[in-house]
Amino acid sequence: MNVLEVSGLSKHFPIVAGILRREIGRVRAADDVNFVIEKGKTLALVGESGCGKTTVARCILRALRPTAGAIRFAPDDERMIDLAPLSRSALRPLRRHIQLIFQDPYASLNPRMMVGDIIAEPLVVTGVPGPEREARVRELLDLVGLPAVARLRFPHAFSGGQRQRIGIARALALNPRLIVADEPVSALDVSVQAQIINLLLDLQDRLGLSMLFVAHDLGVVRHVSDRVAVMYVGRIVEVAPTTELYATPLHPYTRALLAAVPKADPEARDAITAPRGEVADPANPPPGCAFNPRCPFVIDRCRQDRPELVEVAPGHLSACFRATELMA
Amino acid sequence: MADTMVETTRPIVSVRDLAVEFRQHTGIVRALEAVSLDLHPGRVLGVVGESGCGKSVTARAMLRILDRNGSITAGRVTLDPGTAAEQDLTALEPEGAQIRSVRGGRIGLIFQEPMAALSMQYTVGNQLMEAIRVHRDPGKAKARERAISLLNEVGIPRPETRIDAYPFQLSGGLRQRVGIALALAAEPDVLIADEPTTALDVTTQAQILALLRRLQRDKQIALMLITHDMGVIAQMADDVAVMYLGRIVEFAPVRELFKHPQHPYTRALLRSVPNLDATPRQRLATIGGAVPQPGSRPVGCPFHPRCPEAIPGRCDTMVPAPVPPGAAGASCFLVEDAAA
């Protein structure tokens, strides 16, 4: 079953000018985004800065109100609720089921609160009684691999990796159904990054969590995700099971992203290649496929028509006119 | 590209036994200890390590741009060693004319955030022309010509119009290209690039790395490339210095380092790199614990509390000898024992 079904999700920001604040254009930060997350699985949403991945995540958390589309979420096995049109008060009882893990463990923990109080905060808000809270905080610290004494210390006493564990414990406090992890390891050192990735995988196995994992490159995603969605200028250009996406990428942009990762292998020198040009401006994307000015496979049609995201192999979707040719 | 070290070329910069301390309210923090390395013309030295390992401090000490509370307590940084023009940069006045002519003259600097090197208030052209004219003034018209050709060289489209743009009008990738053009303005023999692509998107990073590689080869520049990314090291470096808590723990030619890493830290670091060939949900190899706070340096080998092979009574009491300059090796008792 699906925990999240996003369909036709768009978020447009108006560009205004003049004293009348007339709308002169729109930034289509997210445009007709569709994906699902199955229970207990992880979908990675990957793209470079400005591609709209964070906008999508913020819409799901309802920190933003979508311009169009539906965000159907299953808070339990019975219900499926569209979060997109809900008011603040209607959202309140649902918020506990979707929790966020932040990118920056230095900025996301209140430096004046003891770690125990930081983790207990969601429990206080939802009215869990004191003694039960204390026990739950110990349990959560244990779950993320921190000693019980950590609850009596302040965040500054902890390293980046330990702080990220604290953030994860807080996110898990209310037994959420869905975790939105916004680049949770990109601010960490490599050796610590590996610890946090493994922790997330273990927690998911133990707790059956569903996860949306937002990332800016394809490096760590391979280890954490079941499916990968690649975004470019506000739209998903490819979705596939993880192994398949890496083995047979069916969108030229995904290929470019893969080729651009510097491989940790000096024997594979000069394999690193970059697409020409720069990411298109989402306020003024080129007509047709937004990737067409940088695409080595471009044909005339790409400059006029926008390719839709369609299934080209079982469970493998691509928004490219030449996707089937790329398969060969 | 030679695989083994080029002992025949004379280094253009040589650092010996460099040590740096910072005064903090909690006491003195040793940031760098016994660091020795050589930069050779036409070669790329990759310096890799995690936060707090001293890789940026090394570069800043070499150029005498340490923060006010930092000081060089030992060692030498020699430019043109063994020639008549040889000078020890640690002996120069930190704000004096001599070091300023070296900085941005003989040695160009590329920052992680190009905005650190660029002013918002002047056009790209003004800043480039100033850098050109400070070091070798060819006159205003010639300088502008040279600025345009520099922008062209670093792959900026339409340089004749971009020269009059302000840095904030450019994208992150173009700004870093301007940063590189600025570093090249005085035709330096040495470039120090401190995490030049960390702030960039992955496709832009690939472009900038390709550009640095091309310029370095064409001009036979000695490039010191500082990064936390083993992928960047594998693609760019000829020789690699791995740093941990202010010390070089291993030095080797790049292929050798990846094929036969000696130091337990290097081995662990290489294993923990995410792998594009991993199976789904494959766990990564980890290094236990975290990098200690700079103020609480462990006694003995700085890596011993995290080292799975640490020898009790030895690694926690004595510091292994530093890696000798110019030769492959590791600062580790295990490696010493294996060689003995």
Segment of A:Arg276 engaging chain B (4.5 angstrom heavy-atom cut-off): backbone
Report which part of B:Leu174 has an atom under 4.5 Å of a heavy atom belonging to chain A: side chain, backbone, both, or neither. both
Please name the residue in the list B:Met236, B:Gln235, B:Arg255 that meets the side chain to side chain contact (heavy atoms under 4.5 Å, CB included) test with A:Pro266. B:Arg255
Of all heavy-atom pairs linking B:Gln207 and A:Ala274, the shortest is CG-CB, 3.3 Å
Working note: A:Asp202 + B:Arg283, criterion side-chain contact (heavy atoms from CB on, under 4.5 Å); need CA distance, chi angles, decisive distance, verdict. CA-CA 9 Å; A:Asp202 290 342; B:Arg283 303 305 194 262; 2.8 Å; yes
What part of A:Leu201 gets within 4.5 angstrom of chain B, counting heavy atoms only: side chain, backbone, both, or neither? both
Quick check on the interface: out of B:Thr203, B:Thr286, B:Ile208, who has the most heavy-atom pairs with chain A under 4.5 Å? B:Thr203
Between B:Val202 and A:Glu48, is a side-chain contact (heavy atoms from CB on, under 4.5 Å) present by the stated rule, with each step listed? CA-CA 7 Å; B:Val202 59; A:Glu48 298 180 281; 4.0 Å; yes
Under 4.5 Å heavy-atom distance to chain A, tell me which part of B:Ala268 shows up: side chain, backbone, both or neither. neither
Interatomic distance, CD@B:Glu50 vs CD@A:Gln193, rounded to 0.5 Å, equals 9.5 Å
Just give me the residue among A:Val279, A:Asp205, A:Leu200, A:Asp189 that pairs up with chain B most often, heavy atom to heavy atom, under 4.5 Å. A:Asp189
Top residue by heavy-atom pair count (under 4.5 Å) with chain A, among B:Gly173, B:Pro274, B:Gly172? B:Pro274
Interface moiety of A:Val224 toward chain B, non-hydrogen atoms closer than 4.5 Å: backbone
Please give me the minimum heavy-atom distance between A:Arg269 and B:Val254, naming the atom from each residue. NH2-CG1, 3.7 Å
side-chain contact (heavy atoms from CB on, under 4.5 Å) between A:His223 and B:Leu284: does it pass, once the steps are laid out? CA-CA 8 Å; A:His223 292 265; B:Leu284 285 152; 3.5 Å; yes
Pairs of heavy atoms under 4.5 Å with chain A: top-ranked of B:Gln282, B:Arg281, B:Arg306: B:Arg281
Report the option among B:Ser272, B:Pro157, B:Gly155 that has the most heavy-atom pairs separated by less than 4.5 Å from atoms of chain A. B:Ser272
Given that the side chain runs from C-beta out, which part of A:Asp265 has a heavy atom under 4.5 Å from chain B: side chain, backbone, both or neither? backbone
Any side-chain heavy-atom pair of A:Pro262 and B:Gln205 under 4.5 Å: yes
